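Worth saying up front: this structure is predicted, and the values here are computed from it rather than measured. Here, residue 1 is the first one in the sequence, and each next residue gets the next number. For ligands, and for the atoms within them, numbers begin at 1 and follow the listed sequence.
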Amino acid sequence: ETEDALCGARAGLARASHLTVMGELAASIVHEINQPLSGIVSSVGASLRWLQADQPNIEEVRASLENIRNAGQRAAEIVRALRALAKQEPAVMVSVAIDDLIQDVLALAAVEIGKRRVRLTARLDAASPQVFANRTQLQQVVFNLIMNALDAMDNRETPRELVVTSSLRDRSVIVSVRDTGGGIPEPILGRIFDPFFTTKESGMGMGLSICRSAMEAHGGTLEVVATSEGGSTFMFTLPVIPAPGRSCVTAGAEW
Ligand code: ADP
């Protein structure tokens, strides 16, 4: 009976975690999409006024149409990103050997790491199956941190080094990703985890925000722990959960 109750509680937790991530995302997307829409409505109003004037000002109308096009493209971009996220499988939680997962991600990123002439050092000491996690989400988090690290080292003359480590401390697994990029300047340090905050020309600014929500939904944390002109270090932690006596499968959650 206790095991049944435990299974039920875990399934509930997994569902709640998934909802938290989706809920937070939905809220920020609604906010973000509202901006281009209001922009479109006010530009249309302005265009109509310019056209209705005794001497219609075509130049102003042209500028307003340009604004409308930009706002429309921005909204479409956000919808595209949302569609990609919505395709995610329901959260299936399994026991994950974190070091193997990191190795898999590093293998995926190997081509990119080579192409950008970055030297990789991996010190993986977290050992056997340790954490309960949604494998895809966890892979995405590691992948995202690595891609951000590579981006930070683009166009830099200093030695480009990527150091990925994992370890066990108390009842947590700790994973860190360090780069020798430009670091994160103090004025934006408090904003990098905000949805849609980006300093990249083609960035979406959703990566760190999604990664942090995903880690918190797993009962862990994601932080930037050091940053200087010499680079940045991101670190996430996940609680080690003792393996359950048996497994159970409930809608959307497998333990
Ligand atoms: P995006 O990569 O689309 O910009 P993220 O949410 O992943 O979105 O990152 C937000 C911002 O945080 C980046 O635009 C960048 O300014 C900063 N950032 C993230 N990782 C690093 C890093 N390793 N070094 C320096 N800046 C970083």
Side-chain angles (χ1 to χ4, degrees), residues 20-22 24-33 35-36 73-85 88 102 105-106 108-110 112-113 115-123 136-166 174-218 220-237:
T20 310
V21 175
M22 292 315 284
E24 265 176 38
L25 265 174
S28 50
I29 281 160
V30 164
H31 171 78
E32 238 4 71
I33 227 162
Q35 284 180 340
Q73 279 167 348
R74 175 86 184 131
E77 222 170 77
I78 293 164
V79 171
R80 249 198 313 279
L82 179 61
R83 198 179 286 147
L85 283 171
Q88 267 185 3
I102 296 173
V105 175
L106 287 174
L108 276 177
E112 204 57 36
I113 292 172
K115 216 162 44 183
R116 304 203 202 183
R117 289 182 288 115
V118 168
R119 203 179 73 173
L120 167 71
T121 308
R123 281 195 296 272
T136 315
Q137 276 184 13
L138 200 49
Q139 280 173 338
Q140 280 171 353
V141 170
V142 177
F143 192 73
N144 231 298
L145 295 179
I146 289 174
M147 292 314 289
N148 273 350
L150 296 183
D151 285 349
M153 293 187 282
D154 271 350
N155 308 317
R156 284 185 69 84
E157 293 309 320
T158 47
R160 301 172 194 185
E161 303 206 22
L162 173 67
V163 183
V164 182
T165 71
S166 73
I174 300 170
V175 176
S176 75
V177 177
R178 181 159 64 83
D179 62 67
T180 54
I184 303 163
E186 183 66 33
I188 65 163
L189 197 54
R191 300 171 59 199
I192 56 169
F193 289 96
D194 291 350
F196 299 102
F197 176 82
T198 183
T199 54
K200 300 174 193 169
E201 218 164 274
S202 56
M204 265 299 280
M206 289 303 288
L208 286 179
S209 146
I210 292 174
C211 289
R212 178 174 265 182
S213 300
M215 283 299 99
E216 287 175 356
H218 281 77
T221 58
L222 168 64
E223 289 165 279
V224 51
V225 287
T227 179
S228 69
E229 292 274 307
S232 329
T233 307
F234 283 80
M235 186 179 92
F236 70 79
T237 64

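For Arg160, the CZ atom sits in a packed shell: over 12 heavy atoms of surrounding residues, nucleotides or ligands are nearer than 6.0 Å.
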Is there any protein N/O under 3.5 Å from an N/O of ligand 1, and what does the full list of such pairs look like?
unit_1   : atom_1 : unit_2 : atom_2 : d
ligand 1 : 2 (O)  : Asn148 : OD1    : 3.2
ligand 1 : 2 (O)  : Lys200 : NZ     : 2.7
ligand 1 : 3 (O)  : Met204 : N      : 3.0
ligand 1 : 3 (O)  : Gly205 : N      : 2.9
ligand 1 : 4 (O)  : Thr198 : OG1    : 2.6
ligand 1 : 6 (O)  : Gly207 : N      : 3.4
ligand 1 : 6 (O)  : Leu208 : N      : 2.9
ligand 1 : 7 (O)  : Asn148 : OD1    : 3.4
ligand 1 : 7 (O)  : Asn148 : ND2    : 2.9
ligand 1 : 7 (O)  : Leu208 : N      : 3.4
ligand 1 : 8 (O)  : Gly205 : N      : 3.4
ligand 1 : 14 (O) : Thr198 : OG1    : 3.4
ligand 1 : 14 (O) : Thr199 : N      : 2.9
ligand 1 : 14 (O) : Thr199 : OG1    : 3.2
ligand 1 : 16 (O) : Thr199 : OG1    : 2.4
ligand 1 : 23 (N) : Asp179 : OD2    : 2.9
ligand 1 : 24 (N) : Ser232 : OG     : 3.3

Going by atom type alone, with no hydrogens or angles, which donor-acceptor pairs under 3.5 Å involve a side-chain atom of residues 181-196 and a protein atom two or more places apart or on another chain?
none

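In this view, Arg119 and Glu161 satisfy the salt bridge (Lys or Arg N to Asp or Glu O under 4.0 Å) rule, not counting sequence neighbours. By the side-chain hydrogen bond (donor to acceptor under 3.5 Å, both in side chains) test, Ser176 is found to be paired with Thr165, residues two or more places apart in sequence or in another chain being considered.
With values rounded to the nearest 0.5 angstrom, Met215 atom CE is found 12.5 Å from Ile210 atom CD1. The distance from atom CG of Asp154 to atom CZ of Arg156, rounded to the nearest 0.5 Å, is 11.0 Å.
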